[in-house]
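Predicted model only: the values in this text are computed from it and were never measured. Sequential numbering from 1 along the given sequence is applied to the chain's residues.
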Amino acid sequence: VGHPFTDQLADATVDRAAMRRYLIQDHRFIDAFVVLLASAVARMRCLEDRVPGCQFLALITGKENTYFERSFTALGVSAADRASVPDE
(Lines give C-alpha, C1' and ligand atoms only; values in the text may rest on other atoms or scores of the structure.)
Protein backbone atom coordinates (compact mmCIF):
# COMPACT_ATOMS: atom_id res chain seq x y z
CA VAL A 1 0.00 0.00 0.00
CA GLY A 2 1.46 3.34 -0.98
CA HIS A 3 -0.46 5.78 1.16
CA PRO A 4 1.24 8.47 3.28
CA PHE A 5 -0.71 7.50 6.42
CA THR A 6 0.19 3.82 6.21
CA ASP A 7 3.81 4.68 5.41
CA GLN A 8 3.94 6.99 8.45
CA LEU A 9 2.22 4.38 10.58
CA ALA A 10 4.86 1.81 9.61
CA ASP A 11 7.64 4.32 10.34
CA ALA A 12 6.05 5.50 13.62
CA THR A 13 6.03 9.07 12.30
CA VAL A 14 2.27 9.74 12.19
CA ASP A 15 1.35 13.25 13.28
CA ARG A 16 -0.62 13.24 16.57
CA ALA A 17 -3.56 15.09 15.02
CA ALA A 18 -3.74 12.59 12.16
CA MET A 19 -3.60 9.69 14.61
CA ARG A 20 -6.38 11.24 16.68
CA ARG A 21 -8.60 11.59 13.60
CA TYR A 22 -7.80 8.05 12.47
CA LEU A 23 -8.61 6.53 15.86
CA ILE A 24 -11.86 8.46 16.17
CA GLN A 25 -12.98 7.30 12.72
CA ASP A 26 -11.85 3.71 13.35
CA HIS A 27 -13.66 3.61 16.68
CA ARG A 28 -16.84 4.77 14.94
CA PHE A 29 -16.42 2.00 12.38
CA ILE A 30 -16.03 -0.60 15.14
CA ASP A 31 -19.15 0.74 16.87
CA ALA A 32 -21.23 0.50 13.68
CA PHE A 33 -19.79 -2.92 12.87
CA VAL A 34 -20.71 -4.24 16.33
CA VAL A 35 -24.29 -3.08 15.81
CA LEU A 36 -24.40 -4.72 12.37
CA LEU A 37 -22.96 -8.03 13.59
CA ALA A 38 -25.16 -8.11 16.69
CA SER A 39 -28.20 -7.53 14.48
CA ALA A 40 -27.15 -10.42 12.24
CA VAL A 41 -26.58 -12.68 15.26
CA ALA A 42 -30.04 -11.83 16.60
CA ARG A 43 -31.63 -12.93 13.34
CA MET A 44 -29.79 -16.23 12.98
CA ARG A 45 -31.94 -19.30 13.17
CA CYS A 46 -30.38 -21.14 16.12
CA LEU A 47 -27.72 -21.03 18.82
CA GLU A 48 -25.32 -23.12 16.78
CA ASP A 49 -25.43 -20.47 14.05
CA ARG A 50 -25.13 -17.61 16.56
CA VAL A 51 -22.05 -18.84 18.44
CA PRO A 52 -19.38 -17.86 15.84
CA GLY A 53 -20.78 -14.33 15.57
CA CYS A 54 -20.95 -14.01 19.35
CA GLN A 55 -17.39 -15.20 19.70
CA PHE A 56 -16.24 -12.63 17.16
CA LEU A 57 -18.22 -9.91 18.94
CA ALA A 58 -16.48 -10.84 22.19
CA LEU A 59 -13.12 -10.64 20.44
CA ILE A 60 -13.58 -7.18 18.94
CA THR A 61 -15.27 -5.65 21.97
CA GLY A 62 -12.74 -6.88 24.51
CA LYS A 63 -9.13 -5.76 24.15
CA GLU A 64 -9.96 -3.88 20.94
CA ASN A 65 -12.16 -1.49 22.89
CA THR A 66 -9.63 -0.99 25.67
CA TYR A 67 -7.03 -0.17 23.00
CA PHE A 68 -9.17 2.73 21.81
CA GLU A 69 -9.88 3.96 25.32
CA ARG A 70 -6.19 3.81 26.28
CA SER A 71 -5.17 5.51 23.03
CA PHE A 72 -7.73 8.27 23.46
CA THR A 73 -6.41 8.90 26.96
CA ALA A 74 -2.78 8.91 25.79
CA LEU A 75 -3.58 11.34 22.96
CA GLY A 76 -5.81 13.57 25.09
CA VAL A 77 -8.96 12.82 23.10
CA SER A 78 -12.04 13.67 25.16
CA ALA A 79 -15.60 12.49 24.59
CA ALA A 80 -16.36 16.01 23.34
CA ASP A 81 -13.48 15.76 20.84
CA ARG A 82 -14.82 12.43 19.62
CA ALA A 83 -18.30 13.89 19.13
CA SER A 84 -17.09 17.02 17.35
CA VAL A 85 -15.02 15.35 14.64
CA PRO A 86 -17.15 14.93 11.49
CA ASP A 87 -17.43 11.54 9.79
CA GLU A 88 -15.06 11.13 6.87
**Q** Considering only heavy atoms from C-beta outward, does the side chain of L23 approach that of V77 to under 4.5 Å?
**A** no
**Q** So which heavy atom on Q25 is nearest to which on V85, and how close?
**A**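 That closest heavy-atom pairing would be NE2-CG1, 3.7 Å.
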**Q** Please enumerate all residues that pass salt bridge (Lys or Arg N to Asp or Glu O under 4.0 Å) together with R50, with sequence neighbours excluded.
**A**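 Per chain and number, R50 pairs via salt bridge (Lys or Arg N to Asp or Glu O under 4.0 Å) with no residue.
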**Q** Can you list every pair that meets salt bridge (Lys or Arg N to Asp or Glu O under 4.0 Å) and has a residue in residues 34-43, with sequence neighbours left out?
**A**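 Output for this query is empty, none listed.
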**Q** Of the non-hydrogen atoms in L75 and R16, which two are nearest, and what is the gap between them?
**A** CA-NH2, 3.4 Å
**Q** Starting at CG of D31, measure out to CG of D26 and round the result to the nearest 0.5 Å.
**A**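 Rounded to the nearest 0.5 Å, the CG-CG separation comes to 11.5 Å.
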**Q** Is the side chain of R28 donor-acceptor paired with the backbone N or O of R82 at a distance under 3.5 Å, no angle test?
**A** yes
**Q** Count I, L, V, M, F, W, Y as connected when their side-chain heavy atoms are under 4.5 Å apart, and connections chain through other members. Are L59 and Y67 then in the same cluster?
**A** yes
**Q** Under 3.5 Å, sequence neighbours excluded: what are the donor-acceptor pairs made by side chains of residues 32-42?
**A**
residue: S39; atom: OG; partner: V35; partner atom: O; Å: 2.9

**Q** Measure the OG1-CZ distance between T73 and F68 for me, rounded to the nearest 0.5 Å.
**A**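 It is 13.0 Å, given to the nearest 0.5 Å.
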**Q** Please say which of V14, D15, D81 ends up in a side chain to side chain contact (heavy atoms under 4.5 Å, CB included) with R20.
**A** D81
**Q** Quick one: pull up SG in C54 and CG in L57 and give me the separation to the nearest 0.5 Å.
**A** 6.0 Å
